[in-house]
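For reference, the structure discussed in these notes is given below.
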Amino acid sequence: MDYQSMLSLALPFGVSLAACGSGYGLGRAVGSAMEAIGRQPEAAGKIQTAMIIGAALIEALTIYALVVFFILQGKIGG
Amino acid sequence: MPNSNLGLDFLARTLRTIGVVLLIFLPFGVYYFGTYTALAVFSGGVWGIVNLIFLSAVVRSAIRPEGIDTARLIVALLVKFPLLYLAGYALLKVPQFSPLNLLIGFSICLAVLALKALGRALLGLDKGPNKSDNLGEAVR
C-alpha cells in the first residue's frame with residue numbers, strides 16, 4: 001500500500017476517531033453536569049461555567065482533527 | 001473582590017481578554033509576519049470567540065435547573081452548527097489564509113481560557129465560602 005492510499009484511509013479514520021472520542025467525552029460531561037445541577041441547583045452557575053470550559057476544550061479536539069484533515073487533504077490524489 | 005467567583009461572568013471576562021489579546025496581536029502580527037498571516041490568526045481568534053459565545057448560549061439554555069429553554073436552544077444550535085461551521089469552512093478555503101494560522105488564532109482563545117481557569121485553580125480563588133460564592137451563600 002503506497003503513501004497516498006494510506007493517507008486517504010488514515011485521514012477520515014482519524015477525524016472519525018476524534019469525533020467519536022469528543023462525542024463520548026461531551027456526553028459524559030453533560031451527564032455529570034446534569035447530575036450535579038440536580039443535586040445542587042444553587043451551584044448551577046459554577047457548573048455551567050466549568051461545563052462550557054470543558055465543552056470548548058473537547059470541541060477543539062474535533063476542530064483540530066478537521067483542520068489537520070484539510071491541511072493533509074491536498075496531499076491525497078494526483 | 002466582586003467578580004472573584006467562577007460564575008458566568010468569568011466567561012465574559014475571558015472573552016474580553018481574548019479580544020484584547022487579539023487586538024494587541026493584530027498590528028504586531030502585520031508588522032512582523034505579514035498582513036495575511038496576521039489577518040488569518042485574527043480571523044481564527046474571532047471565530048473562536050463567536051464559537052465560545054454560542055457554545056455558552058447552548059449550555060446555558062440546555063443545562064439549567066429550570067429546565068430547557070427550547071426557543072433559545074434551537075436558535076443557538078441553528079446559528080452555531082450550520083452557520084458558524086460554514087463560516088469556518090469558508091475561512092479555511094480563503095487562498096491567502098493558511099489553515100495553520102487560523103488554527104493558531106483559534107488556539108489563542110483556548111490558551112487564554114485554559115490559563116485563566118488554571119490561574120484561578122492554582123491561586124485557590126474558588127475555594128471556601130466567600131461573599132460572592134453561590135455555594136457559600138447556600139451553605140450559610
Side-chain angles (χ1 to χ4, degrees), chain A residues 7-8 10-12 14-78, chain B residues 5-15 44 47-49 51-68 80 84-85 88-89 91-93 98-104 106-107 109-114 116-118 120-121 126 132-139:
Chain A
L7 198 61
S8 57
L11 277 182
V15 173
S16 56
L17 202 64
C20 284
S22 61
Y24 177 70
L26 207 53
R28 285 200 63 169
V30 170
S32 302
M34 298 290 266
E35 202 175 306
I37 290 179
R39 283 184 186 165
Q40 278 185 307
E42 65 275 3
K46 275 185 163 187
I47 295 165
Q48 279 179 342
T49 307
M51 170 74 210
I52 290 164
I53 294 169
L57 294 176
I58 291 168
E59 194 189 12
L61 167 73
T62 323
I63 292 170
Y64 283 144
L66 205 61
V67 174
V68 169
F69 175 86
F70 279 112
I71 290 171
L72 293 177
Q73 194 187 21
K75 298 188 189 300
I76 303 175
Chain B
N5 63 332
L6 189 72
L8 292 171
D9 55 335
F10 171 79
L11 278 171
R13 279 181 282 128
T14 306
L15 288 173
W47 190 89
I49 289 176
N51 185 40
L52 207 57
I53 289 170
F54 281 104
L55 183 67
S56 77
V58 168
V59 171
R60 278 183 211 189
S61 51
I63 304 171
R64 56 195 211 129
E66 299 88 16
I68 298 174
K80 181 173 160 50
L84 195 63
Y85 280 35
Y89 181 74
L91 279 176
L92 278 171
K93 287 294 168 191
S98 157
L100 204 61
N101 294 329
L102 288 167
L103 206 61
I104 289 169
F106 175 70
S107 301
C109 295
L110 292 176
V112 172
L113 185 68
K116 274 183 81 87
L118 191 68
R120 298 192 62 78
D126 299 311
S132 58
D133 191 336
N134 290 339
L135 201 57
E137 282 172 8
V139 170

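As the structure is a computational prediction, the values presented were derived from the model and not from experiment. Throughout, a chain's letter reflects where its sequence line sits, starting with A, and its residues are numbered from 1.
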Please state whether the side chain, the backbone, both or neither of B:L113 comes within less than 4.5 Å of a heavy atom of chain A. side chain
Over 60° means perpendicular and under 30° means parallel, so classify the ring planes of B:F106 and A:Y64, tilted if in between. perpendicular
Residue B:Y89 versus chain A: region with a heavy atom under 4.5 Å: side chain
In the structure I gave you, are the side-chain heavy atoms of A:E59 and B:N51 within less than 4.5 Å of one another anywhere? yes
Are B:I68 and B:S61 packed together at the side-chain level, in the sense that at least one heavy-atom pair is separated by less than 4.5 angstrom? no
Atom CG in B:L91, atom CH2 in B:W47: separation rounded to 0.5 Å? 9.0 Å
Chain A heavy atoms under 4.5 Å from B:S107: which part of the residue, side chain, backbone, both or neither? both
